[in-house]
Every structure is written in C-alpha cells, then in structure tokens.
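In what follows, a single structure is set out as structure tokens and then discussed.
Here the structure is a predicted model, which means the values were calculated and not measured. Convention: sequence-line order gives letters A, B, ...; per-chain numbering from 1.
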Amino acid sequence: MAESERAVPDRTALHHSGPAALPSRKLGLDFFARSVHEVAPELIGVTLLVDGVGGRIVEVEAYDRDDPASHAFRGPTARNATMFGPPGRAYVYRSYGVHWCLNVVCDAASAALVRALEPTHGLDEMRKRRRLDEPRLLCSGPGRLCQALGITGEQDGLPLDAPPFELTASPAAVEVAVGTRIGITRAAERPWRYGLGGSRFLSRRF
DNA sequence: ACAAGGATGGACT
DNA sequence: GTCCATCCTTGTA
C-alpha cells in the first residue's frame, strides 16, 4: 500500500455531548476515574483554570499503561508516581529539561496530556508570564500552556477538583477531531490525539 | 558511574 | 524545513 493510501485517522471525528445539560458544571474526581480513552475526548471543550487563569481545552493526548510512549509503561518510578496514584490528580513533568507538561491522571495509571488551550481567562497574566502578546501563541502547546498558567512541578500530585485548579464542563456539545500523537517515536501510530478540529489554538493542525 | 535521549519550543536557513 | 538549549530520568555497566 502506498504511503498516501494508508488509513490515517486524522480526518476522523466523533462527538461528545458534554457531561450534563447544566452549564458551568464543575468536574469532580469521578469524572477522571475512568479509562483515559473515555476521558480524553471528553476533555475537549472543558475550561481549565489555574488560580483563575486559563481557557478552553482544545487539544489532548491519551497515554495508557500498556503504551510504549507512556511514562507509566515500564512501571512505577519516582517521576511517574502520580500516574500510579488516584485518578483526578495533576501529573506534571519536565520535558527536555526546559518545559513543564500537565497531565490529567485517569484510571489504571493512564493520563491525558493537555496540549493546548484557547485562552479565555487572565490573558494579561498569561502575556506577562509568556512575555508575548499574541493570544494564539499563549497556550498552543503543552509547554506553552504550563508557562502561561504558572504550572510547575510544584503542582504535581495536586487534585484537580480543588484550588488552584478548576475544571468546568462545556455547556455545549462538541465535535472532536482525532489524530495521531505528536512528538513521540514509539507507538506513534495510535490515534489517541483529540481536539477541536477547526480551532486556531491547536499546537498543530489535525 | 555514566551515557543516552526525551509527551518541546524558539531561533534560524 | 533544521538545529539545539538544558536537565532530569532511566537503562546499562
């Protein structure tokens, strides 16, 4: 089969209706106590705030226990301890010695990497932290959004249903684009990247 | 003890 | 497109 004919999931789409009809419903720990493969797509459209600064999640990736690309693949270590703890916590790790990346811990040592937000709250604070004005570049990437929201290793292990975190379900139904994950070498073909296909705030187009 | 390399981003050609 | 800063984690000896 020619490379161009290979079945790629990038144009696939699915839907989630939002966890409830109630607008502004805060996500409790039970939301995260499921397979990351259920949770990750439902995170699209969720508003993520840290001390009131943040926005709407437009891109995430799923990593599970039997996933060669996951930090949890080789079992518990000091770094990934949070992934093996209870669901609903923030797993924050340092990437390339420079950046911080935020994950939402789900069931069974799985987690969803939050890769991009559409900034909606605290734009000025984000601009200050990022030393950059352009809204499009504030949170379009896992390292960028952590810098914009002030997330560091200090938040590793903290529960997501309490300050400084606040996660609020989307009031509306969302169409979710699906694609392959970015920046990994192992298990790179798994279609575990989810996002708002048309968003200008993605780290990369679907 | 040591070397390899990474779930990135910014600068540059 | 390419290069690489920077440092911590991990695998291996």
Strictly under 4.0 angstrom, non-hydrogen atoms only: write out the protein contact profile of nucleotides 2-13 of chain C, one letter per nucleotide from the 5' end, B, S or -.
----BBSSSS--

At 4.0 Å (heavy atoms only), tell me whether A/R181 reaches a base, stays on the sugar-phosphate, or touches nothing.
nothing

Look at all strands and tell whether A/L113 reaches a base, only sugar-phosphate, or nothing, counting heavy atoms closer than 4.0 Å.
base

Which of A/L102, A/L149, A/L145 passes side chain to side chain contact (heavy atoms under 4.5 Å, CB included) with A/V50? Answer is A/L149

Between C/dT6 and B/dC2 - P atom distance, rounded Å
23 Å

I want to know whether A/Y93 and A/H71 have ring centres closer than 6.0 Å.
yes

Polar side chain donor-acceptor pair, A/R65 to A/S110, under 3.5 angstrom:
no

Reading DNA chain B 5' to 3', which nucleotide is the first, and which the last, to come under 4.0 Å of any heavy atom in chain A?
B/dG6 to B/dG10

If only side-chain N and O atoms count, and only distance matters, is there a donor-acceptor pair under 3.5 Å linking A/Q147 with A/R129?
no

Using a heavy-atom cut-off of under 4.0 Å over every strand shown, decide if A/R130 touches base, sugar-phosphate, or nothing.
sugar-phosphate

Could you tell me which non-hydrogen atom of A/P68 sits nearest to which non-hydrogen atom of A/R190, and how far apart they are?
CD-NH2, 3.5 Å

So what stems show up for DNA chain C if we need 3 or more Watson-Crick or G-U pairs in a row, all under 3.5 Å?
B:1-6 with C:7-12, B:8-12 with C:1-5

Between B/dA7 and C/dG1, how far is it from one C1' atom to the other, in whole Å?
22 Å

Side chains of A/S35 and A/D107, donor plus acceptor under 3.5 Å
no

